[in-house]
Asker: 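Input: one structure, supplied below.
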Protein chains: 2
Amino acid sequence: MLTDRQMMILRMIVDNYVLSAEPVGSRTISKQTDLGLSAATIRNEMADLEELGYLEQPHTSAGRIPSQMGYRFYVDHLLMGDTRVSGQEISRIKSLFTERIGEMERVAQQTALFLSNLTQYTAVVLGPQVYDTTLKNLQLVALNDHTAVLLMVTSSGQVYNRTVSMPEGISLHEMESLVQVLNARLAGTLMYRIRSRALEEITHELTRHMRDYEEAVHLLDQVVTWLETDQEGKVYLGGATNMLLQPEFRDVHKAQPVLTWLERHHDVMEALRGAESALQLQVRIGGENDVQSLHDCSLITATYSVGGLPVGVIGLIGPTRMDYARVIPLLGHLSKGLSELLTKFYVS
Amino acid sequence: MLTDRQMMILRMIVDNYVLSAEPVGSRTISKQTDLGLSAATIRNEMADLEELGYLEQPHTSAGRIPSQMGYRFYVDHLLMGDTRVSGQEISRIKSLFTERIGEMERVAQQTALFLSNLTQYTAVVLGPQVYDTTLKNLQLVALNDHTAVLLMVTSSGQVYNRTVSMPEGISLHEMESLVQVLNARLAGTLMYRIRSRALEEITHELTRHMRDYEEAVHLLDQVVTWLETDQEGKVYLGGATNMLLQPEFRDVHKAQPVLTWLERHHDVMEALRGAESALQLQVRIGGENDVQSLHDCSLITATYSVGGLPVGVIGLIGPTRMDYARVIPLLGHLSKGLSELLTKFYVS
DNA sequence: GTTAGCACTCGATGCGATCGAGTGCTAACA
DNA sequence: TGTTAGCACTCGATCGCATCGAGTGCTAAC
């Protein structure tokens with residue numbers, strides 16, 4: 001285990017490196033500390049910390065930088081009660097969430113932008129995916145003789161829609177009555193059960209009412225596929241180009257993989273969805289990320305919830321040299337505020 | 001006016017520079033041309049072309065690169081009938097548009113991705129904004145006692161939705177009947193007239209049916225604001241990070257402004273909306289762009305239409321050194337294909 | 001009008017000297 | 001035993017300088 005002094009030095013090295021992005025030397029620490037220790041003493045301690053794996057040396061005559069393990073220790077043991085979020089920031093968060101909201105998704109986008117502006121990192125918000133939402137309403141709105149829009153409203157106020165073209169052999173009228181029956185039968189069904197229930201009901205109805213079974217199956221296919229793909233929720237990015245502000249990504253070849261990865265929303269979603277089921281707040285440093293492109297980044301995630309049930313994730317991506325002390329409590333406040341807002345709004 | 005030989009040389013310089021991204025020397029041209037001209041002759045012509053403003057010299061002992069004016073001449077006069085799109089590419093475009101589509105917006109996103117993959121530039125597709133669409137359907141779906149979702153379906157199959165919370169003093173029931181009346185009165189109205197018509201009708205109904213006028217105006221506000229913001233259409237990006245592949249943007253400080261600009265969807269939309277009303281196909285080279293961040297880029301736009309009416313824009317953004325010869329006809333094919341698909345789908 | 005020849009320009013590349021921040025080690029000190 | 005001053009050493013960064021070569025402009029000859 002580390003001595004108190006070692007912890008203090010590690011902490012100071014991380015704090016300094018986070019700000020300067022340059023290796024921290026023993027003199028710097030010696031001058032900043034008020035324990036009156038000379039640079040030589042610090043050097044000895046630093047050598048020990050390096051041997052233990054908490055520090056690294058870019059090259060022989062450079063200062064030290066924290067290793068991945070060093071950051072991990074810092075986050076796990078040196079941050080308790082360390083809240084470097086200013087009162088002003090907290091009140092900005094509050095005011096962000098006191099605005100009247102139009103829809104869940106708009107709030108998600110707003111949050112991503114807000115967070116990225118505040119931190120100069122890249123923010124990712126995973127749109128709410130409420131598992132215990134039920135189907136409120138299913139409707140078909142005809143556009144013309146062979147085209148219609150199918151609408152689905154959930155109890156959490158999300159709206160899914162898809163334009164469908166009628167196959168030959170099925171009239172709009174037949175389809176409308178089918179949807180009406182489905183609406184009556186499926187309303188109140190949990191969303192994640194919709195697919196299987198819909199399959200049952202549709203095949204049931206089809207065999208009863210429809211003449212052209214083959215074609216109808218095709219339409220059924222469209223709708224079911226749609227249910228699968230759209231329910232995944234959306235990814236909202238904020239400040240993707242903030243990545244380029246960080247000195248460690250000033251080289252295009254370093255930045256490109258990360259930015260390209262961020263463009264693949266589906267992959268981003270997958271990476272964050274994992275965090276949802278885990279702890280309320282999670283920090284993944286460098287190589288701790290499964291995703292190869294994020295090996296030089298840290299990903300901090302916080303889940304937000306409605307009525308106590310986790311429904312989405314707020315994430316922040318930056319270099320491993322992240323300002324954890326500021327950013328972690330910030331994310332905590334943000335997820336808490338978002339949860340409260342959504343809960344107030346959707347739990348009647 | 002330029003002589004035939006000058007045009008030929010200009011054309012070869014552009015073609016070479018587009019591929020290599022490096023200044024083109026007289027020897028290179030001399031070897032490639034089959035007219036049997038020596039490097040010295042080419043040099044003389046190049047000096048003339050520079051004096052005329054079509055070429056530039058990065059420094060004294062370097063080859064020449066096309067000036068903005070040079071690109072302009074190339075695009076305007078040297079590209080006629082020059083189609084460098086392969087048959088394979090054309091068939092890929094066709095197959096892209098033969099898939100069954102779920103909704104307009106999905107096609108827009110697909111097109112952006114496809115185009116950026118094909119060209120290694122950044123593609124932007126401006127979602128369809130159909131001016132002569134009418135309102136099909138307006139509905140209110142209640143979520144709980146004080147929250148509801150307002151749905152709006154247009155004749156082109158677009159769905160707008162917004163969650164609204166009932167102000168104190170207005171019951172859900174009152175609201176429902178108001179929406180029903182509105183639906184009956186507004187169905188068939190042209191979308192861009194919706195706002196004013198809705199204002200008329202709502203105030204009319206309000207004074208007739210509702211007790212608490214003040215609060216209702218607030219709700220009205222929500223809805224009207226929503227109509228204004230959501231109808232703008234959306235921007236779909238493809239391959240924003242492709243920008244980083246171009247040698248002229250290998251320096252982060254060059255790339256950052258462009259990427260940041262691309263993140264501001266609203267600004268992108270504004271820039272492209274302008275192109276919509278203009279020509280069918282438009283090329284803006286470097287400083288010809290109004291947007292400061294695009295002064296080192298070229299923006300090529302093509303409008304697509306439904307039933308002959310322009311509804312959206314496909315754009316391609318790259319360095320001024322763009323492969324115009326390939327990209328311009330490509331955009332032409334793409335916008336044509338998209339127009340045909342949408343027309344077939346939405347014009348009954 | 002075209003071309004060969006040639007001096008000239010100027011960025012790119014490579015090399016060596018210098019600089020300085022920071023280290024590790026040793027010996028002395030409390 | 002822990003701390004510190006002193007000192008030699010390391011190594012990236014920076015600068016100056018020589019070299020190289022692609023490409024030019026000009027002149028004179030064809």
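Just so it is clear: chains get the letters A, B, ... in the order the sequence lines come, proteins before strands, and each one is counted from 1. Note that the structure is predicted; figures quoted are calculated from it, not measured.
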Asker: For B:Thr60, which contact category applies under a 4.0 Å heavy-atom criterion: base, sugar-phosphate, or nothing?
Answerer: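 Sugar-phosphate only.
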
Asker: Under a 4.0 Å heavy-atom cut-off, which of residues 12-39 of chain B touch DNA chain D?
Answerer: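 Hits under 4.0 Å, by residue number: B:Gly25, B:Ser26.
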
Asker: Quick one about B:Asn16 and B:Glu22 (side-chain donor to acceptor, distance below 3.5 Å, no hydrogens or angles considered), yes or no?
Answerer: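 Distance-only check fails for B:Glu22 and B:Asn16.
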
Asker: Report the relative orientation of the aromatic rings in B:Tyr324 and B:Tyr71; use parallel for angles under 30°, tilted for 30 to 60°, perpendicular for over 60°.
Answerer: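 Taking B:Tyr71 first and then B:Tyr324, their aromatic rings sit tilted (interplane angle of 30° to 60°).
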
Asker: Identify, between B:Gly63 and B:Ala40, the residue whose nearest nucleotide on DNA chain D lies closer to the 5' end.
Answerer: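 Looking at DNA chain D, the more 5' nearest nucleotide goes with B:Gly63.
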
Asker: Of all nucleotides in DNA chain C with an atom under 4.0 Å from a non-hydrogen atom of chain B, which is the first and which the last going 5' to 3'?
Answerer: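 Listed 5' to 3', the contact boundaries are C:dT2 to C:dG11.
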
Asker: Is the backbone N or O of B:Met243 less than 3.5 Å from a side-chain atom of B:Gln246, with the two atoms forming a donor-acceptor pair by type?
Answerer: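 Pair absent, no side-chain N/O of B:Gln246 close to backbone of B:Met243.
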
Asker: Can you check side chain to side chain contact (heavy atoms under 4.5 Å, CB included) on A:Arg284 and A:Thr301, steps first, answer last?
Answerer: CA-CA 8 Å; A:Arg284 305 189 140 246; A:Thr301 52; 5.9 Å; no

Asker: Will you find, in the side chains of B:Tyr236 and B:Thr111, an N or O donor that is under 3.5 Å from an N or O acceptor?
Answerer: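 On atom types as modelled, these side chains do not qualify, holding no pair under 3.5 Å.
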
Asker: As an exercise, state the distance from NE2 of B:His295 to CG of B:Asp290, rounded to the nearest 0.5 Å.
Answerer: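 Between atom NE2 of B:His295 and atom CG of B:Asp290 there are 8.5 Å.
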
Asker: Could you tell me whether A:Arg72 atom CZ has more than 12 heavy atoms of other residues or ligands within 6.0 Å of it?
Answerer: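 Result for CZ/A:Arg72: enclosed.
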
Asker: Ignoring hydrogens and geometry beyond distance, is a side-chain donor-acceptor pair present between A:Asp323 and A:Tyr121 at under 3.5 Å?
Answerer: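 Note: A:Asp323 and A:Tyr121 side chains miss the donor-acceptor criterion.
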
Asker: Please convert DNA chain D into dot-bracket. A pair counts if it is Watson-Crick or G-U wobble with both distances under 3.5 Å; crossing pairs go in [ ] and bases paired with another strand get |.
Answerer: ||||||||||||||||||||||||||||||

Asker: Could you grab the distance from atom CG of B:Asn242 to atom CG of B:Leu244, nearest 0.5 Å is fine?
Answerer: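 If I round to the nearest 0.5 Å, the distance is 8.5 Å.
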
Asker: Should we say atom CG of B:Asp4 is surrounded by more than 12 heavy atoms from elsewhere, each under 6.0 Å from it?
Answerer: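 No, not enclosed.
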
